[in-house]
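What follows is a set of notes on a single structure, which appears directly below.
So that the names make sense, note that chain A is the first sequence line, chain B the second, and so on, each numbered from 1.
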2 protein chains.
Amino acid sequence: MFSKSTEYALRAVLYIAKYSSADKKIGIETVSTAVGSPKSFTAKVLQKLTKNNCLINSVSGPNGGFFLTEEAKKTSMLRILEILEEEHVITKCVLGLQECSDVNPCPMHNRYKLIKPLLIDMFENKSIQDVLNELTDSSITLIDVQDIRITHK
Amino acid sequence: MFSKSTEYALRAVLYIAKYSSADKKIGIETVSTAVGSPKSFTAKVLQKLTKNNCLINSVSGPNGGFFLTEEAKKTSMLRILEILEEEHVITKCVLGLQECSDVNPCPMHNRYKLIKPLLIDMFENKSIQDVLNELTDSSITLIDVQDIRITHK
DNA sequence: ATAATTAAGGACAAATATATCCTTAATTAT
DNA sequence: ATAATTAAGGATATATTTGTCCTTAATTAT
Ligand code: FES
Ligand code: FES
């Protein structure tokens with residue numbers, strides 16, 4: 001559904017939000033390993049989330065890294081899609097017409113117009129903090145099980 | 001949501017299904033103009049839909065072109081996604097994990113598992129013929145309004 | 001101040017998706 | 001049979017996405 005960039009962003013933000021704070025920042029190495037994404041590429045994605053907007057905070061230097069403020073954790077998951085410019089994945093026409101609206105509906109529109117609001121709501125009406133609360137359930141994961149490697153020594 | 005290939009496929013199949021029959025085939029020029037897609041690229045896409053599977057029929061030569069049998073019109077819209085290998089867009093995990101299931105749910109899964117069946121149903125439980133019936137409503141379109149050019153003479 | 005650590009960012013590489021062009025094969029009309 | 005028409009398919013081009021590497025800047029610890 002989403003691009004790799006957005007998938008990495010969603011996973012990385014959730015990981016950083018869960019395991020970091022202003023005094024305990026998380027480095028890109030840790031984040032990318034934890035969510036199973038390529039390090040340098042994930043770094044670029046996180047830059048978008050720190051610079052243009054201020055969803056994530058970052059600090060250079062020793063003990064530096066990424067973290068989210070408590071305020072930032074109140075942000076909706078939709079914000080991440082917006083920054084990566086992927087809300088259109090949900091909002092655009094299923095057949096690829098310019099507009100998805102009741103004005104010039106495509107043949108799939110009458111069905112999709114019932115689903116689209118649910119997809120939007122799934123992200124809009126759900127804060128990062130909401131997700132974190134669900135993450136306390138240990139059965140919920142941010143990484144593929146097959147990516148988990150047990151390293152001896 | 002879907003790739004250009006799939007968007008073109010969905011629009012082209014619907015157009016061909018609506019305006020063709022075994023005695024009135026539609027050429028690629030007409031199809032691509034009608035649905036606003038690049039001709040040669042659309043030709044490749046239609047090849048996938050004719051060759052590997054038999055959703056669309058095609059005949060070379062004068063008065064040749066593409067058409068759908070009445071039987072083919074009973075096919076579900078999901079079949080188009082399958083041939084283009086894009087069902088995964090709907091079925092895969094929103095965060096990009098390998099499996100989307102209750103076994104290893106991601107933090108978005110509990111919400112997405114309510115929506116995913118609706119998305120699948122939108123395509124699976126809807127035949128090409130069903131869409132054609134809705135297309136009789138003239139307000140429903142297959143092409144962007146801004147792509148419509150009024151040519152004088 | 002110096003060295004070490006870590007994110008920022010530029011440059012480049014590889015993979016994939018999208019698009020075009022041209023030749024070939026099939027079919028039909030004459 | 002020949003010519004005309006149309007899809008099939010190969011080759012290639014372009015754009016975008018994804019991924020890597022290296023240098024720079026910022027920060028901290030010593
Ligand atoms: S107009 Fe196509 S899904 Fe709304
Ligand atoms: S496991 Fe992520 S959406 Fe189902």
Run the side-chain donor-acceptor check on residues 76-86 of chain A: report pairs under 3.5 Å with partners two or more places apart or on a different chain.
{"residue": "A/Ser76", "atom": "OG", "partner": "A/Leu78", "partner atom": "N", "Å": "3.3"}
{"residue": "A/Ser76", "atom": "OG", "partner": "A/Arg79", "partner atom": "N", "Å": "3.4"}
{"residue": "A/Arg79", "atom": "NH1", "partner": "A/Glu82", "partner atom": "OE1", "Å": "2.9"}
{"residue": "A/Glu86", "atom": "OE1", "partner": "A/Ser3", "partner atom": "N", "Å": "2.9"}
{"residue": "A/Glu86", "atom": "OE1", "partner": "A/Ser3", "partner atom": "OG", "Å": "3.4"}
{"residue": "A/Glu86", "atom": "OE1", "partner": "A/Thr6", "partner atom": "OG1", "Å": "3.1"}
{"residue": "A/Glu86", "atom": "OE2", "partner": "A/Ser3", "partner atom": "OG", "Å": "3.4"}

State, to 0.1 Å, how close A/Met108 and B/Val131 come at their nearest heavy-atom pair, and which atoms those are.
-> SD-CG2, 4.4 Å
How about B/Lys25 and B/Phe66: do any of their side-chain heavy atoms sit closer than 4.5 Å?
-> no
Any side-chain heavy-atom pair of A/Glu7 and A/Leu10 under 4.5 Å =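 Not in contact.
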Assess the side chains of B/Thr42 and B/Ser37: does a donor N or O sit below 3.5 Å from an acceptor N or O?
-> yes
Whom does [N] pair with, Watson-Crick or G-U wobble, provided both distances fall under 3.5 Å?
| N | result |
| --- | --- |
| C/dA7 | D/dT24 |
| D/dT18 | C/dA13 |
| C/dA29 | D/dT2 |
| C/dT20 | D/dA11 |

Nearest whole Å is fine: how far is [N] [atom2] from [X] [atom1]?
| X | N | atom1 | atom2 | value |
| --- | --- | --- | --- | --- |
| A/Leu84 | D/dT16 | CG | P | 18 Å |
| A/Asn57 | C/dA7 | CG | P | 13 Å |
| B/Lys4 | C/dT20 | NZ | P | 12 Å |
| A/Phe41 | C/dT16 | CZ | C1' | 13 Å |
| B/Lys51 | D/dG10 | NZ | C1' | 12 Å |
| A/Leu49 | C/dA7 | CG | P | 14 Å |
| A/Glu86 | D/dT16 | CD | P | 15 Å |
| A/Gln47 | D/dT23 | CD | C1' | 13 Å |

With a 4.0 Å cutoff (strictly under), does any side-chain N or O of [X] reach OP1 or OP2 of [N]?
| X | N | answer |
| --- | --- | --- |
| B/Asn63 | C/dT27 | no |
| B/Tyr8 | C/dA19 | yes |
| B/Thr50 | D/dA8 | yes |
| B/Ser60 | C/dT28 | no |
| A/Ser5 | D/dT18 | yes |

Under 4.0 Å between any heavy atoms, over every strand shown, what does B/Ser58 touch: base, sugar-phosphate, or nothing? Just pick one.
-> sugar-phosphate
First of A/Ser40 and A/Gly61 reached from the 5' end of DNA chain C, by closest nucleotide = A/Gly61
Determine, step by step, whether B/Tyr15 and B/Phe67 satisfy the ring-ring contact (aromatic ring centres under 6.0 Å, His included) criterion, reporting the C-alpha distance in whole Å, the side-chain angles of both residues, the deciding distance to 0.1 Å, and the verdict.
-> CA-CA 10 Å; B/Tyr15 183 85; B/Phe67 68 98; over 10 Å; no
Kindly say whether, by distance alone, the side chain of A/Lys44 makes a donor-acceptor pair under 3.5 Å with the base of C/dG10?
->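 Checked by distance alone, the answer is yes.
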Would you check if the side chain of A/Asp130 reaches a backbone N or O of A/Ser127 as a donor-acceptor pair within less than 3.5 Å?
->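 Checking the backbone N and O of A/Ser127 against the side chain of A/Asp130, a donor-acceptor pair under 3.5 Å is found.
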Residues from residues 20-32 of chain B sitting under 4.0 Å of DNA chain C, heavy atoms only?
->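 Close to the strand, none.
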